[in-house]
Amino acid sequence: MLLPVAAALAWGAGEPAPPEASAPAEPPLVVLDIGHFIGSGGAEMPGRINGQRFCETEFWYRYCYDVKETITQAGYRCEVCNRGNAPKAEPLLGYAKRAGVVQLNHPDTGVLRYPSKHHADRVSAGMVSADFAVDKKAACAVFLHHNSSGSGWTTGASPSVVIHNKYNGETLADCLIAALDGEILNHGMDNKGVGCKKLVRCVDADRAAGWMNTCDDAGIPAAVIEAAFLNNKNHATFLAEDANARKYAQAIGHGIIAFLKKDPPHKPHLRENPDAPDQGSFGYAAESRRINVPGARLLVKPKKR
């Protein structure tokens, strides 16, 4: 116990103290968003398989933990959010607690669209989740969804997709597609030999583009997973098995990890005139009229009679 005291006295006598160790940088943070919300759960299986029938929101409450665990086990940070209110009953309540889901308590009932608090000319339903990713300064944001091509069963090839934002998200989409194609599509989840496709959304009228644009404006790579179609009986049969569902979730985690290891440069999408609308701004006329933002009415001029 005397040695540290003696050393301290020596430094006080004029000898330089050893440099303070700088705090290690925190690992990159991934934000996962559970698509839709309890009470409006998005795509749903047309019927039961092995006693199960679920919608995309219910599925991702159950299996978002497996995506998160895959990411954190690789040494990265991860947070899961959902725009709606917390589940009130088991088993979803337990799943939410296990994954530490941050409930944003903003269910946009009636598909209400509203602006980002960071970029007010970006208008979309579900914008609160994109704002959460911006608040957290996420290294990337992945929105967990499933898809559907109708209300009845099909077994044909589905146009499986990963959707990315325009300026920052393509590398993230490539990594997710490589993982899904390499581990899931046509590797247990039959898709008639068809692989995952890549789409870009940047016009707000294309549903999710408003929050994809918000992530772009903040320099956050973002992607939406729509690879499994819940009315495709082959896809639904695969996902109705717990081990397969976990494998699907883990594949998404693997794709995100591959992206983080690449560490590609990404920058905020800077507009020449931030007060003027650009491609994607104000996709919905009704919302544009009620939002007092410079440039809003440029896109909603009344029709000439």
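As the structure is a prediction and not an experimental result, all values here were calculated from the model.
Smallest separation of non-hydrogen atoms from Q103 and G84: NE2-O, 3.0 Å. When every heavy atom of L92 is checked against every heavy atom of P87, the shortest pair comes out as CB-CB, 3.7 Å. Closest non-hydrogen pair, L172 versus A141, comes out as CD2-O, 4.0 Å. Shown here for T72 and C78, the closest heavy-atom pair between the two residues is CG2-CB, 4.0 Å. Shortest non-hydrogen contact noted between C196 and A227 is SG-CB, 4.1 Å. Across all their heavy atoms, K166 and V200 have their closest contact at CA-CG2, 3.5 Å.
The backbone N or O of A228 sits nowhere less than 3.5 Å from a side-chain atom of N147 that would complete a donor-acceptor pair. Without hydrogens or angle criteria, D190 side chain to K192 main chain gives a donor-acceptor distance under 3.5 Å. A donor-acceptor pair under 3.5 Å links the side-chain atoms of D108 to the main chain of G126, judged by distance alone. In this structure, K247 contributes its side chain and I184 its backbone to no donor-acceptor pair below 3.5 Å. The backbone N or O of G152 sits less than 3.5 Å from a side-chain atom of N231, completing a donor-acceptor pair. In this structure a side-chain-to-backbone donor-acceptor pair under 3.5 Å is missing from H146 to A43. In this structure a side-chain-to-backbone donor-acceptor pair under 3.5 Å is missing from T237 to N234. Here the side chain of W211 pairs a donor or acceptor atom with the backbone of A125 at under 3.5 angstrom. Q250 places no side-chain N or O within donor-acceptor distance of the main-chain N or O of H254, the cut-off being under 3.5 Å. A donor-acceptor distance shorter than 3.5 angstrom exists from the side chain of E58 to the backbone of C55, with no hydrogens or angles considered.
Put simply, the side chain of Y248 reaches to within 4.5 Å of the side chain of I225, judged on heavy atoms. In this structure the side chain of V142 never reaches within 4.5 angstrom of the side chain of V31, judged on heavy atoms. Side-chain atoms of T171 and K262, non-hydrogen and from C-beta on, do get closer than 4.5 Å to each other. Taking the side chain as every heavy atom from C-beta outward, F132 and E79 approach each other to under 4.5 Å.
Paired with S160 under the rule side chain to side chain contact (heavy atoms under 4.5 Å, CB included), one option of H235, E226, K197 passes, and it is H235. For the side chain to side chain contact (heavy atoms under 4.5 Å, CB included) test with T214, the passing option among K117, H269, H119 is H119; the others fail.
Within the cation-pi definition used here (under 6.0 Å to the ring centroid, within 45° of the axis), R83 does not qualify as a partner of F37.
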Could you walk me through whether D217 and R122 pass the side-chain contact (heavy atoms from CB on, under 4.5 Å) check?
CA-CA 10 Å; D217 287 344; R122 303 306 194 186; 2.9 Å; yes
Should Q73 and E69 be marked as a side-chain contact (heavy atoms from CB on, under 4.5 Å) after you check the CA-CA gap, both sets of side-chain angles, and the distance that decides it?
CA-CA 6 Å; Q73 286 295 316; E69 184 74 358; 3.1 Å; yes
Run the numbers on H118 and D135 for side-chain hydrogen bond (donor to acceptor under 3.5 Å, both in side chains), then give the verdict.
CA-CA 9 Å; H118 297 285; D135 290 340; 2.8 Å; yes
What verdict does the side-chain contact (heavy atoms from CB on, under 4.5 Å) test give for I34 and F143, after you've listed the backbone C-alpha separation in whole Å, the side-chain angles of each residue and the deciding distance to 0.1 Å?
CA-CA 6 Å; I34 297 173; F143 300 86; over 6 Å; no
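With values rounded to the nearest 0.5 angstrom, I49 atom CD1 is found 3.5 Å from W153 atom CH2. Atom CD of E44 and atom OG1 of T57 lie 10.0 Å apart (nearest 0.5 Å). One distance of note links SG of C140 with CG of N168; it measures 11.5 Å at 0.5 Å rounding. Rounding to the nearest 0.5 angstrom, the gap separating the CD1 atom in I252 from the SG atom in C64 is 11.0 Å. Between atom CG of residue N213 and atom OH of residue Y167 there is a gap of 8.0 Å, rounded to the nearest 0.5 Å. Atoms CG and CZ, from L144 and F59 in turn, are 9.5 Å apart once rounded to the nearest 0.5 Å.
Defined by atom type and a distance below 3.5 Å, a donor-acceptor pair is present between the side-chain atoms of N82 and Y61. In summary, the side chains of S116 and D131 do present a donor paired with an acceptor at a separation below 3.5 Å, with no hydrogens or angles considered. With no hydrogens or angles considered, no side-chain donor-acceptor pair links E170 and H164 at under 3.5 Å. Checking D242 against Y63 by side-chain atom types alone, a donor-acceptor pair falls below 3.5 Å. There is no side-chain donor-acceptor pair under 3.5 Å between N186 and N191. With hydrogens and angles left out, the side-chain atoms of S149 and N232 include no donor and acceptor closer than 3.5 Å.
F238 and F229 are not part of a single hydrophobic cluster, where members link through side-chain heavy atoms under 4.5 Å apart. Hydrophobic clustering, with ILVMFWY side chains joined whenever heavy atoms are under 4.5 angstrom apart, keeps L239 apart from Y65. Residue V224 is grouped with residue L104 when hydrophobic side chains (ILVMFWY) are merged at heavy-atom distances under 4.5 angstrom, including chains of intermediate members. The cluster map of Ile, Leu, Val, Met, Phe, Trp and Tyr, joined by side-chain heavy atoms under 4.5 Å apart, puts L176 and M189 in the same cluster. Note on I256: it clusters hydrophobically with V80, by side-chain heavy-atom contacts below 4.5 Å among ILVMFWY residues.
Within 6.0 Å of the CZ atom in R246, the count of heavy atoms belonging to other residues, nucleotides or ligands does not exceed 12.
Salt bridge present: D174 and K198 bring a charged side-chain N and a carboxylate O closer than 4.0 Å.
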